[in-house]
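Letters A, B, ... are given to chains in the order of the sequence lines, protein chains preceding strands, and every chain is numbered from 1. Computed from a prediction, not measured in an experiment: that's the story for all the values here.
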Protein chains: 2
Amino acid sequence: MKKSRVTLTDIAKALNISASTVSRALKDHPAINKETKRAVVKLAKKLKYQPNLLALGLLQKKTYTVGVIVPEITGHFFSTVITGIRDVLSPAGYNIAICLSNESFQEEIAITEKMAKTQIDGVLVSPASSTKTYKHFKALQKNGIPLVVFDRDCPGLDADKVLVDDYDGAFQAVEYLINSGCKNIAHLSGPMNLSITEHRLQGYLDALGKHKFPVKQENVIHVSGFTHEDGIKPAQKLLKLKNRPDAIFAMNDCIAISAMHVAKKMGLQIPGDVSIIGFDDEPHSSYFTPALSTIWQPVYSVGMLSARILLSKLQEGEEEPELRREVFKPELIIRASSKAV
Amino acid sequence: MKKSRVTLTDIAKALNISASTVSRALKDHPAINKETKRAVVKLAKKLKYQPNLLALGLLQKKTYTVGVIVPEITGHFFSTVITGIRDVLSPAGYNIAICLSNESFQEEIAITEKMAKTQIDGVLVSPASSTKTYKHFKALQKNGIPLVVFDRDCPGLDADKVLVDDYDGAFQAVEYLINSGCKNIAHLSGPMNLSITEHRLQGYLDALGKHKFPVKQENVIHVSGFTHEDGIKPAQKLLKLKNRPDAIFAMNDCIAISAMHVAKKMGLQIPGDVSIIGFDDEPHSSYFTPALSTIWQPVYSVGMLSARILLSKLQEGEEEPELRREVFKPELIIRASSKAV
DNA sequence: AAATACTATGCAAAGGTTTGCATAAAAATC
DNA sequence: GATTTTTATGCAAACCTTTGCATAGTATTT
């Protein structure tokens with residue numbers, strides 16, 4: 001049988017006083033007798049009184065809970081962002097409700113609806129790759145729930161945003177490959193319709209363009225997901241081209257690792273025959289053979305800053321200041337999978 | 001300004017009926033006029049009525065939220081367990097509140113207290129490595145909150161448990177090393193006081209014992225955490241022993257990778273000079289050079305089963321059936337980092 | 001002694017929803 | 001036409017906490 005918890009009224013009855021007095025005694029209200037206060041505090045401790053946050057939330061229309069919507073958490077990126085979010089929000093007294101959209105637009109909609117019902121205070125979101133419209137986010141905003149978008153942009157949505165300059169990261173990587181003497185640079189690109197995919201692709205294209213390299217259709221392949229398996233076939237396709245690329249810039253480290261794997265199986269030297277650069281700088285990446293060159297992003301900072309911005313919206317209250325758009329710069333980290341320049 | 005949401009009463013007023021009628025109309029209550037129902041449903045949709053789950057929770061003492069307490073989520077293990085949990089609980093209509101203890105006993109206590117206050121329905125927990133007593137868990141149970149412990153056992157705590165046979169996994173790994181001809185097998189063990197550490201260590205010891213191998217104090221080193229960095233120094237210490245081990249069984253894959261890294265830097269052949277076996281079978285593990293031999297665990301299943309057990313406690317209600325203790329068997333996966341037998 | 005200020009407490013409402021009981025109206029039965 | 005049944009709706013309580021206002025008693029001032 002579910003034991004009902006100790007309530008204010010229970011304590012009040014036991015001491016023959018009113019619930020209001022008990023509430024005030026526990027809240028350091030000035031107008032309260034020291035004796036009474038002492039008795040209340042003592043009994044509350046004895047009975048292990050725990051205030052019912054539901055009742056409080058109902059009363060104050062504030063739940064001290066922030067929702068975080070991410071596509072997945074099994075990768076390094078989002079789990080680290082979440083850790084950053086937690087490290088800001090938790091000390092501030094906020095709960096975090098982490099929800100996984102599983103890269104599904106439908107699930108994302110279901111999540112936002114549930115969040116509205118649970119009276120969440122604010123939302124941090126990185127949209128699913130299949131998300132096309134932002135009605136569900138706008139609905140949250142209309143409900144007065146502040147929204148911060150991180151990492152994956154929602155073009156056209158008016159919200160605070162914390163992003164990473166994916167374009168710049170890609171540009172750096174490709175330009176480095178060019179400077180190191182690569183002549184035929186391919187790109188394992190991400191799933192279509194995703195802002196980060198597009199920005200990285202554009203960075204790749206523009207770096208080629210800047211150096212007057214021709215862009216070959218066959219040199220760009222979109223992978224369908226972010227895991228190793230998703231990278232194998234596209235990498236094979238690339239490395240079996242008649243005009244085999246001498247460099248691959250991959251969407252992320254997992255895909256880059258797949259490409260390295262395929263290349264090695266084909267007997268190719270890395271970086272002798274083909275240079276490889278990834279994106280994300282996962283913890284494992286420096287331990288591969290050869291150690292993977294990659295683009296580092298301030299992942300933890302993305303989480304912290306997003307949380308801080310949301311927090312300020314929650315606390316400053318309602319004055320609707322101008323929207324913020326923060327863009328972090330990534331850094332190229334050269335290891336052994338790409339030629340020295 | 002925080003717009004207050006549409007409530008039952010708002011709809012009631014607009015239609016000149018009572019809130020009870022509106023509630024019933026939206027709930028397919030039998031005794032309700034079709035006309036009325038149609039009107040209510042139509043208006044509710046138009047105004048985008050969202051029931052307030054706080055009020056409901058307060059009334060029914062049920063929040064349809066389950067708390068999940070894990071030490072961290074940046075690794076592969078817990079993030080995958082969580083995905084399994086979600087895939088069971090989400091379709092059943094439950095929310096998941098993921099909380100990170102950060103391997104800290106104190107934070108874990110704070111989390112459980114907060115969970116009691118938020119009237120959570122049930123809890124899934126894998127305790128922090130620094131957790132020594134289980135008072136906080138017992139307090140939850142006393143409050144009538146069902147608790148399921150997964151992966152990391154809490155010896156002496158009466159709760160449902162979903163574990164992996166770490167002892168058996170370790171035993172398999174070490175026995176394999178013995179059978180493959182290794183004579184001097186070391187163990188990079190986990191943080192002290194953690195059930196999985198102890199079980200794996202015992203498996204190591206017993207496998208040696210079974211084959212009449214001497215146990216050398218110097219061959220067992222405890223690492224302080226689960227990341228690559230935590231493994232480097234202990235691995236160096238091990239491989240610089242006068243009597244250098246010809247095999248290392250590591251606490252997990254990250255540590256094993258560190259050991260491989262150190263060994264390679266020292267110019268040792270793997271597995272020629274030293275065999276290495278890890279634990280966890282992370283997605284990356286087969287992509288290292290050489291591909292890492294390891295122990296696979298049914299991580300996703302651990303999550304799913306834990307969630308299913310909790311779910312049955314939540315639904316069956318209160319009859320307190322006997323506690324379940326499910327133990328999954330891990331599997332040895334031999335790749336290239338250990339000699340063939 | 002009367003008026004004022006202060007201290008300590010209680011009452012009641014509010015927050016949104018559900019539900020048992022009561023009630024009213026309509027329909028069905030005799 | 002009177003009684004019973006059915007159908008549709010409303011009232012009010014309950015869930016727990018906070019807080020403005022009122023009140024009663026005590027202490028201070030004039």
Side-chain angles (χ1 to χ4, degrees), chain A residues 2-41 43-44 47-65 114 116-121 143-144, chain B residues 2-41 43-44 47-65 114 116-121 143-144:
Chain A
K2 191 135 181 175
K3 292 114 193 162
S4 62
R5 293 181 185 67
V6 183
T7 71
L8 278 189
T9 330
D10 295 336
I11 299 181
K13 272 185 194 154
L15 294 174
N16 247 318
I17 53 179
S18 79
S20 352
T21 307
V22 177
S23 169
R24 283 187 270 246
L26 294 171
K27 284 272 157 71
D28 289 327
H29 193 278
I32 208 82
N33 189 299
K34 281 163 222 149
E35 284 292 311
T36 320
K37 184 170 168 182
R38 210 154 43 82
V40 169
V41 170
L43 187 60
L47 297 180
K48 294 187 185 150
Y49 167 71
Q50 303 263 40
N52 185 325
L53 261 33
L54 287 186
L56 230 183
L58 185 57
L59 193 61
Q60 304 184 163
K61 292 173 180 254
K62 200 155 189 327
T63 54
Y64 288 95
T65 300
K114 192 141 198 178
K117 289 182 201 161
T118 18
Q119 314 284 109
I120 240 160
D121 287 352
N143 268 307
Chain B
K2 190 136 183 175
K3 294 111 193 163
S4 63
R5 293 182 185 69
V6 183
T7 72
L8 278 189
T9 329
D10 294 336
I11 298 181
K13 272 184 194 152
L15 294 174
N16 246 318
I17 54 179
S18 79
S20 353
T21 306
V22 177
S23 168
R24 284 187 269 248
L26 294 172
K27 283 274 157 71
D28 288 327
H29 194 276
I32 208 82
N33 189 298
K34 280 163 225 151
E35 284 292 311
T36 321
K37 184 170 167 180
R38 211 155 43 80
V40 169
V41 170
L43 186 60
L47 297 180
K48 293 188 187 151
Y49 166 71
Q50 303 263 42
N52 185 324
L53 261 32
L54 285 186
L56 230 184
L58 185 57
L59 192 60
Q60 304 184 161
K61 295 174 180 249
K62 199 152 190 329
T63 53
Y64 288 96
T65 299
K114 192 140 198 178
K117 288 183 202 161
T118 20
Q119 315 285 107
I120 239 161
D121 288 352
N143 269 308

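Residues from residues 50-58 of chain A placing a heavy atom under 4.0 Å of any atom in DNA chain C, listed by number, are A/Ala55, A/Leu58. Within residues 16-26 of chain A, the residues that have a heavy atom under 4.0 Å from DNA chain D are, in order of number, A/Ser20, A/Ser23, A/Arg24.
Looking at every heavy atom in both residues, B/Ala116 comes nearest to B/Asn143 through CB-ND2, 4.3 Å. When every heavy atom of A/Ile120 is checked against every heavy atom of B/Arg5, the shortest pair comes out as O-NH2, 4.4 Å. Across every non-hydrogen atom of B/Leu8 and B/Ser23, the tightest pair is CD1-CB, 3.7 Å. In this structure, B/Ala19 and B/Ala12 approach most closely via the heavy-atom pair N-CB, 3.6 Å. Residues B/Ala55 and A/Leu58 come closest through the heavy atom pair CB-CD1, 4.0 Å.
Atoms CG (B/Leu8) and P (D/dT9) sit 15 Å apart, rounded to a whole Å. In this entry the distance linking CG of A/Leu59 with P of D/dT19 reads 7 Å, nearest Å. Whole-Å rounding puts the A/Glu35 CD to C/dA8 P distance at 11 Å. What separates NZ of B/Lys61 from C1' of D/dA14 is a distance of 10 Å, to the nearest Å. Regarding A/Asp10, its CG atom lies at a distance of 10 Å from the C1' atom of D/dC16, rounded to whole Å. Residue A/Lys13 contributes atom NZ, which lies 20 Å from atom P of C/dT9 at whole-angstrom precision. As a whole-Å value, the separation of A/Lys27 NZ from C/dA8 C1' is 19 Å. Rounded to whole Å, the distance from CG on A/Asn33 to C1' on C/dC6 is 14 Å.
When each of A/Gln60 and B/Ala31 is assigned the nucleotide of DNA chain D with its nearest heavy atom, B/Ala31 is the one assigned upstream, toward the 5' end.
Proximity of A/Tyr49 to the phosphate of D/dC16: no side-chain N or O atom is located under 4.0 Å from OP1 or OP2.
Looking only at side-chain heavy atoms (C-beta outward), A/Lys48 and A/Val6 stay at 4.5 Å or farther from each other.
Taking the salt bridge (Lys or Arg N to Asp or Glu O under 4.0 Å) definition, one finds that B/Lys37 meets it with B/Asp28, sequence neighbours left out.
Screening B/Thr63, B/Thr118, B/Leu56 for a side chain to side chain contact (heavy atoms under 4.5 Å, CB included) involving A/Leu54 leaves a single residue, B/Thr63.
The CG atom of B/Leu26 lies 6.0 Å from the CD1 atom of B/Ile11; values are rounded to the nearest 0.5 Å.
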